[in-house]
Amino acid sequence: MLRIGKLTDYGLVVLNQLALVGSVKQSTDDIAHATGLSVATVRKVMKAIVDAGLVIAQRGSKGGYRIALAPSQISVLDVVQAFEGPISLTECSADDSRCEIIDSCSLASNWTGINDLLLRVLEGITLDDIRNPDVQDKLHRDIVDQFQRIQLVNL
């Protein structure tokens with residue numbers, strides 16, 4: 001099964017919480033209370049999204065966390081890569097591929113194209129989009145319409 005990890009999911013939940021409060025700094029306790037996550041989990045999540053530049057951390061008595069970008073500027077791809085690293089559906093679609101049969105495989109270039117398509121879809125969906133249920137129907141229609149135009153090679 002292809003699925004994002006729990007921390008990635010929690011990263012979106014935390015970013016949503018930070019987006020709700022805007023420029024107001026939140027402590028890990030504030031975020032944990034608002035999201036229902038444990039403080040330990042919030043700390044793990046914050047490390048990844050701060051390192052990715054999605055959140056600004058300020059230390060000290062007046063410190064806390066705040067979202068670094070507008071929700072419309074944070075793609076789902078940004079969040080997934082902050083936790084999961086670069087996305088590669090197969091070994092041959094990775095930038096640093098170590099596949100032993102890539103030179104003789106007739107499918108390698110097809111997987112690269114499919115991987116690129118997935119990256120484009122995730123990059124085209126923002127935190128703002130997933131926060132708005134009305135946008136989800138439009139996204140679904142747009143993405144399905146795009147897929148209808150894509151022709152994959154019959155094997």
To the nearest 0.5 Å, tell me how far Ile125 CD1 sits from Arg120 CZ.
12.5 Å
Side chains of residues 9-19: which donor-acceptor partners sit under 3.5 Å, not counting sequence neighbours?
{"residue": "Asn16", "atom": "OD1", "partner": "Arg131", "partner atom": "NE", "Å": "2.6"}

Whether the side chain of Asp116 engages the backbone of Gly113 through a donor-acceptor N/O pair (distance < 3.5 Å, no angle test) should be reported.
no
Just distance, no hydrogens or angles: give the donor-acceptor pairs under 3.5 Å from side chains in residues 48-58, sequence neighbours left out.
{"residue": "Asp51", "atom": "OD2", "partner": "Lys47", "partner atom": "NZ", "Å": "2.7"}
{"residue": "Gln58", "atom": "OE1", "partner": "Lys25", "partner atom": "NZ", "Å": "2.6"}

Treat each ILVMFWY residue as a node, draw an edge where side-chain heavy atoms are under 4.5 Å apart, and state whether Leu127 and Leu69 are in one component.
yes
Any luck finding a side-chain donor-acceptor pair between Asn115 and Thr112 under 3.5 Å?
no
Side chain proximity check, Leu77 to Ile87, heavy atoms < 4.5 angstrom
yes
Quick one: OG on Ser27 to OH on Tyr65, what's the gap to the nearest 0.5 Å?
9.0 Å
Find the distance between CG (Asp78) and CG (Leu122) and round it off to the nearest 0.5 Å.
10.0 Å
Are Phe83 and Leu89 linked, directly or through intermediate hydrophobic residues, by side-chain heavy-atom contacts shorter than 4.5 Å (ILVMFWY only)?
yes
Straight-line distance of Asn132 CG to Thr126 OG1, nearest 0.5 Å
9.0 Å
Expected output: side-chain Gln73 to main-chain Ala70 donor-acceptor under 3.5 Å
yes
Side-chain donor-acceptor pair under 3.5 Å between Glu84 and Thr8, yes or no?
yes
Would you check if the side chain of Thr41 reaches a backbone N or O of Leu37 as a donor-acceptor pair within less than 3.5 Å?
no
Pairwise distance CZ(Arg43) to CE(Met46) - rounded to 0.5 angstrom
11.5 Å
Quick one, Ile74 with Val79, criterion side-chain contact (heavy atoms from CB on, under 4.5 Å). Give me CA distance, side-chain angles, the key distance, then yes/no.
CA-CA 8 Å; Ile74 299 174; Val79 181; 3.9 Å; yes
Are Val76 and Ile4 close enough that some pair of their side-chain heavy atoms sits under 4.5 Å apart?
no
